[in-house]
Each structure stands twice: as C-alpha cells, then as structure tokens.
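Okay, so here's the structure we're looking at.
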Amino acid sequence: MKNNPLNDYLKNFKIEAFQHDLIDWFQKEQRDLPWRQDKDPYKIWVSEIMLQQTKVDTVIPYFNQFIEKFPTLVDLADANEQEVLKAWEGLGYYSRARNLQNAVREVVTSYDSKIPQESKQLALLKGVGPYTKGAILSIAYDIPEPAVDGNVMRVFSRLLMIDHDISKQSVRRLFEQCVSETISQDNPSAFNQGLMELGALICTPKKPSCMLCPVQEHCKAYHNGVQEQLPVKTKKKKQKEIPYLVFVIQDDQGNILIEQRPEEGLLANMWQFPMIPLFEVDLEHSVNWIEQKYGIKVSVENNLEQIKHVFSHLIWQLGVYKAGLVSGNLSEKNAVLVPKNELANYPFPVSHQKILKHLI
DNA sequence: AATACGGGGCC
DNA sequence: GGCCCAGTATT
C-alpha cells in the first residue's frame, strides 16, 4: 500500500462523515425519476444505457415510452431490431440500442432471463462497460462497486483536489479507487447515486453551488478556492465538414425512395434519403450516379433546402434536391419505395427527420 | 492512447 | 461556436 498516491489524496478525508452527509442529502433531495420508481434491474439497465452521454431531461420521455413498449427483458429480446431503433429514434448513439438488445437476448438465452450479479459476466454483455456494470451492481443489487461517470470524476477531482486529466481513459481507474475506498458498504446504491446527483445538481461543471453543497466541509478544492479550476480536461478538436447531395425521389404514385444504411459505422441500420458526398459526384453527374446505383432514371427538379447537421465528430452540409422517378426498376437491395404516409414507420436519424418534416 | 459514435441544451 | 452530458467499442 505504500507509494500509493491514493493514500495521499485520502489523507485527512473523513470517510464515514462524508458517506453520511452525502447519503443523507441524496435521500432528502433526490429527483423523482421514472427509473427510481422500483428496483427492477432491467429498468435500471435500460436507464443507464440511455443516460450514457445524455442528459436526464432528454432521457425521461424516451425511457417511459421504451418501457411501455418493452416492459420486460423478454419483450425487448423478442422485438424486431427496427422496432427498437424506432423507439430510440432521435436519442443518438444508436449502437447503444442494438447492443442493448443483443445483450438482453444473451441474458435470456444464457442466464435464464436474469441479469447476472457477477461482475465478470455482466462485463461480457455488449454495451456494458465499467460504468454501467458498476451502476447495475450497486443500484439494482446493492453491491459495493464503483460506478464512475463524468459526474463522479468531477466531484472527486474537487473533493480531493485531483488534477489528472479526466479526458484520459486511464484516469478513470484512479477515481474507481477513490470510490472503492470510500463507498458505503451499507448503502452503495445511495452512495453512487448521491455522487452523480451531486454532480448533476450542485457540483456542476460551471459555477458549482458550493454554498448549498452537503459535503462542502469535505471539499479540498473549495477550501483552496480552486473548485472552478477542476476538473482538468483537455478540449477536443473541432469537427470536419462534409458536403452531401441528398435526393428526395418520388414516383408518379407518390412513393418516396429511401434506403437503409450499412450495419456498421455511423447511424448503422438507420434509414435515409439517398445521399452522396459532393466530392464524389457533382449535381450535373448525380443523375448518372443514381441510375448506376439504384437502376432508375430520375430528373432532378429543384433544391428543397440546405441543412447543416452537427455530430460530435463531424458536420454534414446537406443540399437536398427533389427529383422525379422517370423509369426503371429499383435494383438496390437496401432501398425501397414507400408511400409517404408509411415513412414514419422507419427509424431516421435527426438529420433526415428534418427532410421528412419538410415534405409534410 | 486516440478515435468513432448523436443529439440537444447552455452560454 | 464551443462545452457538457449517469460511456463504450474499436483500433
């Protein structure tokens, strides 16, 4: 245990008093959230996946609708992937939904439909990383495991004045040690949730409400007046812009051409209007490209709109054009002609929902 | 150790 | 326009 930097950080830290102050505050001040209605491990799992990189207020309506549609683990396992993606539509990071269903099916077949309480088995499930594993174990099963997310790193970086760069993957393990050493054995669920709730409500990234903080007296950063300087986090570089041509192709019966994206990569298995990077084909040659790829002749009519869509790592500039289907038979297997009123049955990313909206 | 992977809300 | 969010998988 010597030369462990953790001992230096935890020196003079009053663990039992901290546990009490944190848990006491959490039990009084916690928000009334839908996944806190009961301790159904399945619901806790779903909520934890949805909450990855996503704010509570965004998740609430999705969670309610999702649980209504797939009330149990078995219901989700039995669903079509397209149904699941449709329920996830607009929430982002769609691989979360596909991994969740994959993992739920694994639990049904390999674990008699019961979510494992073994850390190692849980970690084997798709989409369950160190954070989600700890969250499920502690919140659903009252097992004292760390669940370190951005909140927890921010809170502990201030409490113990840790100035490691929290954007680095390896640093998470340091904070897991902090939690392991301080977590309440009696109530690990309230302890972990309390840390996150504190990070969300009081110990916020900017202008933390230290005057309202239940653990202010435990906070080294506050005592030194450096709470606004923590945590240390390197900033990410800005996104690359990619211009696309997008085509809303309609036949004479009013059907519209859409296609499913590849099963890997960005927006995997989601649907879209045909689109092509502008650096591969310009508008003049787009008719040829469409004929070659889809086996149909079209006539481009007019520009409908320009859309700028920002992702975390890139930006789409979409030039959307209306086109009429002149002749030919659809040869692309991932594409279909769909009546306008059936488009809403398919899961579209938000960028293409914007186009959909423009059509109606 | 870095990068891909969404989208929305805040300043 | 950048930052942040109850992160994970892949390279």
Side-chain angles (χ1 to χ4, degrees), chain A residues 26 30-31 33-36 43-63 85 88-100 102-103 122-140 146-155 165-173 175-176 179 189 191-201 203-208 231 233-241 261-262 264-270 272 308-316 347-354:
Chain A
F26 176 70
Q30 64 172 299
R31 290 167 289 181
L33 301 174
W35 45 91
R36 289 179 177 163
K43 291 183 196 164
I44 290 169
W45 187 6
V46 170
S47 75
E48 292 302 341
I49 300 296
M50 286 188 169
L51 285 162
Q52 290 169 7
Q53 297 293 283
T54 310
K55 291 205 160 75
V56 164
D57 289 340
T58 302
V59 167
I60 290 174
Y62 280 92
F63 176 84
L85 283 176
W88 211 271
E89 184 184 56
L91 195 54
Y93 285 151
Y94 299 97
S95 65
R96 289 184 295 177
R98 303 204 303 138
N99 286 338
L100 174 61
N102 176 305
L122 214 43
L124 250 26
L125 298 172
K126 288 276 194 304
V128 178
Y131 164 75
T132 305
K133 181 185 71 167
I136 293 171
L137 289 175
S138 61
I139 299 171
V148 173
D149 69 340
N151 287 311
V152 175
M153 289 196 283
R154 183 172 60 256
V155 168
D165 182 352
I166 65 163
S167 64
K168 299 211 177 304
Q169 194 87 328
S170 58
V171 170
R172 194 201 69 248
R173 289 192 285 274
F175 289 96
E176 283 176 347
V179 175
S189 170
F191 184 87
N192 279 345
Q193 291 189 80
L195 286 175
M196 294 188 274
E197 198 82 340
L198 189 70
L201 301 180
C203 195
T204 48
K206 281 164 291 188
K207 298 200 187 310
K233 192 174 184 184
T234 56
K235 38 177 152 292
K236 60 174 173 121
K237 57 182 192 194
K238 62 182 247 185
Q239 311 96 316
K240 177 167 285 185
E241 274 189 40
R261 293 177 60 87
E264 291 199 336
L266 183 63
L267 303 169
N269 281 1
M270 300 291 282
Q272 66 179 15
K308 177 181 179 172
H309 188 80
V310 179
F311 296 87
S312 50
H313 59 304
L314 53 88
I315 298 172
W316 279 357
F348 287 89
V350 168
S351 50
H352 284 251
Q353 285 179 47
K354 292 173 184 169

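Only heavy atoms go into these numbers, but all of them, side chains included; no hydrogens, no water, no symmetry mates. A, B, ... follow the sequence lines: proteins, then strands. Residue 1 opens every chain.
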First of Gly127(A) and Leu33(A) reached from the 5' end of DNA chain C, by closest nucleotide: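 Final value for this comparison: Leu33(A).
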
Does [Y] offer a backbone N or O that forms a donor-acceptor pair with the side chain of [X] under 3.5 Å?
{"X": "Glu197(A)", "Y": "Arg31(A)", "result": "yes"}
{"X": "Gln239(A)", "Y": "Phe311(A)", "result": "yes"}
{"X": "Arg96(A)", "Y": "Met50(A)", "result": "yes"}
{"X": "Arg261(A)", "Y": "Leu266(A)", "result": "yes"}

Base, sugar-phosphate or nothing for [X]? Non-hydrogen atoms, less than 4.0 Å.
{"X": "Phe311(A)", "value": "sugar-phosphate"}
{"X": "Thr132(A)", "value": "sugar-phosphate"}
{"X": "Arg36(A)", "value": "base"}
{"X": "Arg31(A)", "value": "base"}
{"X": "Lys308(A)", "value": "sugar-phosphate"}
{"X": "Lys168(A)", "value": "sugar-phosphate"}
{"X": "Gly265(A)", "value": "sugar-phosphate"}

Which heavy atom of Ser189(A) sits nearest to which heavy atom of Ser138(A), and what is that distance?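 Shortest heavy-atom contact: CB-O, 3.3 Å.
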
Which heavy atom of Ile166(A) sits nearest a heavy atom of Val171(A), and at what distance?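 Result for this residue pair: CA-CG1, 4.3 Å.
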
[N] versus [M] - spacing of their [atom1] atoms, nearest Å:
{"N": "dA6(C)", "M": "dA4(B)", "atom1": "P", "answer": "24 Å"}
{"N": "dC3(C)", "M": "dT3(B)", "atom1": "P", "answer": "15 Å"}
{"N": "dG6(B)", "M": "dT10(C)", "atom1": "P", "answer": "14 Å"}

Could you check how far [atom1] of [X] sits from [atom2] of [N], rounded to whole Å?
{"X": "Asp165(A)", "N": "dA2(B)", "atom1": "CG", "atom2": "C1'", "value": "12 Å"}
{"X": "Leu267(A)", "N": "dC5(B)", "atom1": "CG", "atom2": "P", "value": "8 Å"}
{"X": "Gln239(A)", "N": "dG6(B)", "atom1": "CD", "atom2": "P", "value": "14 Å"}
{"X": "Leu314(A)", "N": "dG7(B)", "atom1": "CG", "atom2": "P", "value": "10 Å"}
{"X": "Lys240(A)", "N": "dA4(B)", "atom1": "NZ", "atom2": "P", "value": "10 Å"}
{"X": "Leu266(A)", "N": "dT3(B)", "atom1": "CG", "atom2": "C1'", "value": "13 Å"}
{"X": "Phe348(A)", "N": "dG6(B)", "atom1": "CZ", "atom2": "C1'", "value": "17 Å"}
{"X": "Tyr93(A)", "N": "dT3(B)", "atom1": "OH", "atom2": "P", "value": "14 Å"}

Return whichever of Val310(A) or Gln169(A) has its heavy-atom-nearest nucleotide of DNA chain B closer to the 5' end.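 The residue mapped nearer the 5' terminus is Gln169(A).
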
Range on DNA chain C touched by chain A, heavy atoms, distance below 4.0 Å: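 Under 4.0 Å from chain A, the extent on DNA chain C is dG1(C) to dA9(C).
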
Looking at His313(A), does any N or O in its side chain come under 4.0 Å of the phosphate oxygens OP1/OP2 on dT3(B)?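 No, outside the criterion.
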
Any His309(A) side-chain N or O less than 4.0 Å from OP1/OP2 of dG6(B):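 Looking at the OP1 and OP2 atoms of dG6(B), neither is under 4.0 Å from any side-chain N or O of His309(A).
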
Please evaluate residues Trp35(A) and Ile139(A) with respect to the criterion side-chain contact (heavy atoms from CB on, under 4.5 Å), reporting the C-alpha separation (whole Å), side-chain torsions for both, the decisive distance (0.1 Å), and the verdict. CA-CA 11 Å; Trp35(A) 45 91; Ile139(A) 299 171; over 6 Å; no

Side chains of Tyr93(A) and Leu91(A) in contact at under 4.5 Å (non-hydrogen atoms):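 Side-chain contact under 4.5 Å: no.
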
Just to be sure I understand the geometry, which residues of residues 54-62 of chain A put a non-hydrogen atom under 4.0 Å away from DNA chain C?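 Under 4.0 Å from DNA chain C: Lys55(A), Val56(A).
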
Please identify each residue that fulfils salt bridge (charged side-chain N to carboxylate O under 4.0 Å, His left out) with Lys133(A), with sequence neighbours left out.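 With sequence neighbours excluded, Lys133(A) shows a salt bridge (charged side-chain N to carboxylate O under 4.0 Å, His left out) to no residue whatsoever.
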
Answer yes or no: does atom NZ of Lys126(A) have more than 12 heavy-atom neighbours from other residues, nucleotides or ligands under 6.0 Å?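 No, NZ of Lys126(A) has 12 or fewer neighbouring heavy atoms, counting only those of other groups under 6.0 Å.
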
Which nucleotide wins on minimum distance to the side chain of Ser170(A), given the candidates dA1(B), dG7(B), dG6(B)?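 For the Ser170(A) side chain, the nearest candidate turns out to be dA1(B).
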
Taking atom types as modelled, find out whether Tyr131(A) and Gln52(A) have a side-chain donor-acceptor pair closer than 3.5 angstrom.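 Checked: Tyr131(A)/Gln52(A) side chains show no N/O donor-acceptor pair below 3.5 Å.
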
